[in-house]
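Heads up: the structure comes next, in structure tokens.
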There are 2 protein chains.
Amino acid sequence: MAIESNKTVRLSRQRETILAELRKVKTHPTADEVYDMVRRILPRISLGTVYRNLDFLSSRGVVLRLGGAGTQKRFDGTPEPHPHLRCSECGRVEDLMAPIHLPSLAAEEAMGYTSLRCDVEFVGICPMCANSKM
Amino acid sequence: MAIESNKTVRLSRQRETILAELRKVKTHPTADEVYDMVRRILPRISLGTVYRNLDFLSSRGVVLRLGGAGTQKRFDGTPEPHPHLRCSECGRVEDLMAPIHLPSLAAEEAMGYTSLRCDVEFVGICPMCANSKM
DNA sequence: ACAGTATTAGGAATTCTTCTTAGTAGAGCG
DNA sequence: CGCTCTACTAAGAAGAATTCCTAATACTGT
């Protein structure tokens, strides 16, 4: 999957609307919630288009896809909070060795949430993926 | 979905092995990677059992399920790093209003990862889910 | 040993996401 | 203005990940 930087990028009505609608809300919608939002403006848009554009936009860093690449969930045998490193390309997750000060939250800042723990994840491109891109 | 605290919990051979294997590794395996690991010890285990037990164990806080509840990805129109609140029950994500100091990472601590950004997520139970549990 | 029930295997069903194909539409150029 | 090139789209099929269902199994307490 090489980088093709000489491709013309087109801001289609669909792509523009998806981005605008996503920026309008303060929630963090799933793909099909975005689909519903956009469909009120462009009733003929397809779900595939929404997925493709969310992909496109997040790969450019214009929007954020929470939870990183890959559709599978990952599990950690150590339940104590500790920082992770996640590759945005291949989805791999490993423990971060550097000592990091975990932020904490006072009860009155928690907006009503209970049993809070803090997950810190550094998201980037792992050495293997960085190599295979050249 | 009420809390039934008088249920006997049974530590079956399957559940025990899943936990032991998960604790053995420093990677953060997906459910089917756990399935592969455990199958070398209990060849007749089923994938459904692995899923059910990973669910069970993470709901008890014995292991960690990264990326929270819900299988759908969520999108954020604001690409600048900012802390989130995620409900481990319903999967909802919202912006945290309290100002938090985001940890940062020196290049030599990044274990070869590049283009790093930092995601901070506080995971807990949102007010709505806390209510519906009573 | 017996009853009651938590747990399992196996596979079907569901849910979410990606892919395929044929067609559409915008940009550059004569 | 018409032509060409190609990014993009709609529609639905295909694929992948996860959950659900059912009958059978195996602990646990009595």
Side-chain angles (χ1 to χ4, degrees), chain A residues 1 3-19 21 28-36 38-60 62-63 65-75 88-93, chain B residues 1-19 21 28-36 38-39 41-60 62-63 65-75 88-93:
Chain A
M1 209 184 276
I3 301 175
E4 305 172 43
S5 47
N6 49 352
K7 264 198 186 180
T8 324
V9 173
R10 219 172 270 176
L11 186 60
S12 68
R13 194 148 163 52
Q14 288 85 343
R15 181 170 297 167
E16 189 181 14
T17 308
I18 288 168
L19 180 56
E21 288 302 295
H28 299 73
T30 59
D32 69 279
E33 285 166 354
V34 173
Y35 179 47
D36 285 344
V38 173
R39 223 172 357 166
R40 290 203 287 266
I41 299 167
L42 305 173
R44 298 190 47 74
I45 200 171
S46 78
L47 181 57
T49 297
V50 172
Y51 270 105
R52 186 165 16 77
N53 279 301
L54 287 174
D55 243 35
F56 175 90
L57 292 169
S58 61
S59 76
R60 303 277 171 134
V62 180
V63 307
R65 189 213 308 254
L66 305 182
T71 91
Q72 295 174 75
K73 286 267 143 72
R74 291 181 174 272
F75 295 87
S88 55
E89 301 295 307
C90 65
R92 157 217 317 277
V93 176
Chain B
M1 211 183 277
I3 302 176
E4 306 171 42
S5 46
N6 49 353
K7 265 198 185 179
T8 324
V9 172
R10 219 171 270 176
L11 186 60
S12 68
R13 195 149 163 51
Q14 288 85 343
R15 183 170 295 167
E16 190 182 13
T17 308
I18 288 168
L19 180 56
E21 288 302 296
H28 299 73
T30 60
D32 70 278
E33 284 165 355
V34 173
Y35 179 48
D36 285 344
V38 173
R39 224 173 357 167
I41 299 167
L42 304 173
R44 297 189 49 75
I45 200 171
S46 78
L47 182 57
T49 297
V50 172
Y51 271 105
R52 186 164 14 76
N53 278 301
L54 288 174
D55 243 35
F56 174 91
L57 292 169
S58 61
S59 76
R60 303 277 171 135
V62 181
V63 307
R65 189 213 309 254
L66 306 182
T71 91
Q72 295 174 74
K73 286 267 142 74
R74 292 181 173 272
F75 295 86
S88 54
E89 301 295 308
C90 66
R92 155 218 317 277
V93 176

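Convention: sequence-line order gives letters A, B, ...; per-chain numbering from 1.
Residue B/Tyr51 has its side chain nearest to D/dT18 when only C/dG4, C/dC16, D/dT18 are considered. Of the candidates D/dC27, D/dT19, D/dA17, D/dT19 carries the atom nearest the B/Asp55 side chain, counting heavy atoms from C-beta on. Of all nucleotides listed (D/dT18, D/dA11, C/dA25), C/dA25 comes nearest to the side chain of A/Arg10.
Note on A/Arg52: every side-chain N or O is 4.0 Å or more away from OP1 and OP2 of D/dC8. Listed pair A/Gln14 / D/dA10 meets the phosphate criterion, a side-chain N or O lying under 4.0 Å from OP1 or OP2. For the pair B/Thr49 and C/dT7, the criterion of a side-chain N or O lying under 4.0 Å from OP1 or OP2 is not met. Of the side-chain N and O atoms in B/Ser12, one or more sit less than 4.0 angstrom from OP1 or OP2 of C/dT8.
To the nearest angstrom, C1' of C/dT17 lies 13 Å from CD of A/Gln72. One atom, CG of A/Leu47, and another, P of D/dA13, lie 14 Å apart when rounded to the nearest Å. Summarising the geometry, the separation between CD1 on B/Ile45 and P on C/dG10 is reported as 11 Å, rounded to the nearest angstrom. What separates CG of A/Asp32 from C1' of C/dT18 is a distance of 15 Å, to the nearest Å. When the C1' atom of C/dC16 is taken as reference, atom OH of A/Tyr35 falls 14 Å away, rounded to whole Å. The CD atom of A/Glu16 sits 15 Å away from the C1' atom of D/dT9 (whole-angstrom rounding). Rounded to an integer number of Å, the gap from B/Leu54 CG to D/dA17 P is 15 Å. The distance from atom CG of A/Leu42 to atom C1' of C/dT24 is 15 Å, rounded to the nearest whole Å.
In this structure, the side chains of A/Gln14 and A/Val38 stay at 4.5 Å or more apart for every pair of heavy atoms.
Both cation-pi conditions hold for B/Arg39 and B/Tyr35: the charged atom is under 6.0 angstrom from the six-membered ring centre and inside a 45 degree cone around its axis.
A/Arg15 comes within 4.0 angstrom of sugar-phosphate atoms only, judged by non-hydrogen atoms across all strands, and of no base. Contacts of B/Asn53 with the nucleic acid, taken as non-hydrogen atoms under 4.0 Å apart, involve only primed sugar atoms and P, OP1 or OP2.
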Go through it in stages, so that I can follow the logic: the residues are A/Phe75 and B/Leu57, the test is side-chain contact (heavy atoms from CB on, under 4.5 Å), and I'd like the CA-CA distance, side-chain angles, deciding distance and then a yes or no.
CA-CA 10 Å; A/Phe75 295 87; B/Leu57 292 169; over 6 Å; no

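No donor-acceptor pair closer than 3.5 Å links the side chain of A/Arg65 to the backbone N or O of A/Ser88.
Mapping B/Thr30 and B/Leu11 onto DNA chain D via the closest heavy atom, the residue that lands nearer the 5' end is B/Thr30. Nucleotides of DNA chain C nearest to B/Phe56 and B/Arg44 differ in position, and the one nearer the 5' end is that of B/Phe56.
For A/Ile18 against A/Val50, the heavy-atom pair with the smallest separation is CD1-CA, 3.8 Å.
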